[in-house]
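See below for the structure under consideration.
To find a chain, count down the sequence lines: A is the first, B the second, and so on, and within it residues start at 1.
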Protein chains: 2
Amino acid sequence: MALENQELRKAGLKVTLPRVKIYQILERAGEGDHFSAEDIYKLLMEQGEDVGLATVYRVLTQFESAGLVSRHHFEGGHSVFELSRDEQHDHVVCVKCGKVREFHDPDLVKRQNAIAEELGFTITDRTLYLYGVCKDGCEKK
Amino acid sequence: MALENQELRKAGLKVTLPRVKIYQILERAGEGDHFSAEDIYKLLMEQGEDVGLATVYRVLTQFESAGLVSRHHFEGGHSVFELSRDEQHDHVVCVKCGKVREFHDPDLVKRQNAIAEELGFTITDRTLYLYGVCKDGCEKK
DNA sequence: TTCGATGCAAAAGTTTTGCAAGTCC
DNA sequence: GGACTTGCAAAACTTTTGCATCGAA
C-alpha cells in the first residue's frame with residue numbers, strides 16, 4: 001500500500017483517500033480493462049467510498065497530467081483510462097463484445113517513426129485502434 | 001452541381017438544401033481539412049443559409065451511415081468529419097498549430113492486418129493518429 | 001398529397017468549475 | 001495554520017430527440 005503512495009508523491013500529488021482508492025482500482029485492473037470516470041465512480045460507490053464524480057474526473061485528469069494514466073477515446077463519446085505502463089501498446093477493440101486486447105509491435109512503431117520523419121514531424125504521442133470482431137470466443141453483446 | 005445530387009440520391013437521401021450545402025462545404029475542403037459540426041454550422045451561417053445546428057448533426061450522421069463521410073475523434077471532445085475518399089489514410093496531427101496531414105502506407109496496413117490475423121481478429125475499421133509537432137512551418141497557435 | 005426533412009427548443013450525457021467546508025502535512 | 005482537496009451543485013459543451021411545420025417528389 002505504500003507503493004501507490006510513492007507513485008502519488010512522486011507525481012507531486014498529496015496522498016489523499018480518493019486518489020489512493022482510484023489508483024488502487026486502476027491498479028487492480030487486468031490487461032485490456034479500461035474504466036470510464038463513471039465506471040470508477042460506481043465502483044467506489046459499491047465499495048462504500050464517499051467520493052464525488054467531479055473528484056473522479058479531477059483525479060483522473062491529474063493522473064493523466066502526471067503521466068500515471070493514459071486516456072483513450074474509443075468509440076462512444078466518453079473517455080476511458082488505464083494505468084500507464086512502461087511499454088507502449090496499441091489496442092484491438094471488438095465492436096461486438098467490447099473486449100479490448102493490447103499488443104505491441106516494434107516494426108509498426110519503427111515504420112510510424114519513419115513516416116513521421118519523412119513528413120518533418122516530431123511525434124509526441126500516437127494512437128492506433130483496430131476495430132473488428134473476435135473470430136472465436138466472442139460472447140454475447 | 002448535379003454531381004452532389006447524384007451522390008445524395010445514390011445514398012438514398014432526398015436532395016434537400018441543407019444536405020447539398022453541407023456536402024458542398026465538405027467537397028470544397030482541401031486535404032487535411034476536417035470540420036466539426038459547429039464549424040459547418042458557422043460556415044452555413046456566414047454564407048447566409050438558415051440551417052439549424054441539429055440538422056447539421058443529423059445530416060452528418062446520415063452521411064456517415066451512407067459512407068459518404070468519415071467521422072474522426074481527434075483530441076478535444078468533439079468529432080470532425082471529412083468526405084470519404086477511395087483510398088484509406090491515416091492522420092498526423094500537429095498539437096501546436098492544429099494542422100492535419102494525411103498519409104497512406106501500405107506496409108503499415110499490411111503489418112496491422114498480420115497482427116489482427118495473429119490475434120484471431122477480423123478488422124472492420126482502423127484508426128491511427130500520430131500526434132506531434134511540425135518541424136518547420138508550424139505557424140503560431 | 002404524402003412522407004420525409006427541418007427548425008426550434010428542450011433533453012441527455014459527459015466533463016468542468018465555483019465555492020464553502022474539510023483534510024493533509 | 002495554511003495550502004491543497006473535496007463534495008455538491010451548477011455550468012459548459014457536444015450531441016440527440018420531440019414535435020409541429022415545411023418541402024421535395
Using 30° and 60° as the class boundaries, would you call the ring planes of H72(A) and H89(A) parallel, tilted or perpendicular? tilted
Atom-to-atom span, NZ of K21(A) to C1' of dT23(C) - whole angstrom: 16 Å
Can you find a side chain N or O atom of S79(B) that sits less than 4.0 Å from OP1 or OP2 on dT15(D)? yes
Of the listed nucleotides (dT6(C), dA24(D), dG7(D)), which one gets closest to any side-chain atom of T55(B)? dT6(C)
Proximal nucleotide (of dT16(C), dT14(C), dC4(D)) relative to the T61(A) side chain: dT16(C)
Scan R58(B) against the nucleic acid and name what it touches under 4.0 Å (heavy atoms): base, sugar-phosphate only, or nothing. base
Pairing residues for H73(A) by the ring-ring contact (aromatic ring centres under 6.0 Å, His included) criterion, not counting sequence neighbours: none
Counting heavy atoms not belonging to R101(B), are there more than 12 under 6.0 Å from its CZ? no
L53(B) CG - dC8(C) P separation (whole Å): 11 Å
In this structure, how many angstroms lie between the P atom of dA3(D) and the CG atom of L13(A), rounded? 19 Å
What integer distance in Å separates R19(B):CZ from dG23(D):P? 15 Å
Take the protein atom NE2 of H78(A) and the nucleotide atom P of dT16(C), then report the distance between them rounded to whole Å. 14 Å
Tell me the interatomic distance from Y41(B), atom OH, to dT15(D), atom P, rounded to whole angstroms. 15 Å
Of the candidates dT6(D), dG23(D), dG7(C), the side chain of K14(B) sits closest to dG23(D)
Whole-Å distance separating the CG atom of L8(B) from the P atom of dT6(C): 10 Å
Phosphate contact (dG4(C) OP1 or OP2) by T16(B) side-chain N/O below 4.0 Å: no
Please report the closest heavy-atom contact between F35(B) and I25(B), naming both atoms and the distance. CE1-O, 4.0 Å
Between P on dT15(C) and NE2 on H73(A), what's the gap in Å once rounded to a whole number? 9 Å
Less than 4.0 angstrom between a side-chain N/O of R9(A) and OP1 or OP2 of dC25(C), yes or no? yes
Closest of dC8(C), dC8(D), dT6(C) to the D50(A) side chain is dC8(D)
Please state whether the rings of H91(B) and Y129(B) are parallel, tilted or perpendicular, taking 30° and 60° as the class boundaries. tilted
Examine dT16(C): is either OP1 or OP2 under 4.0 Å from a nitrogen or oxygen in the side chain of Y57(A)? Give yes or no. no
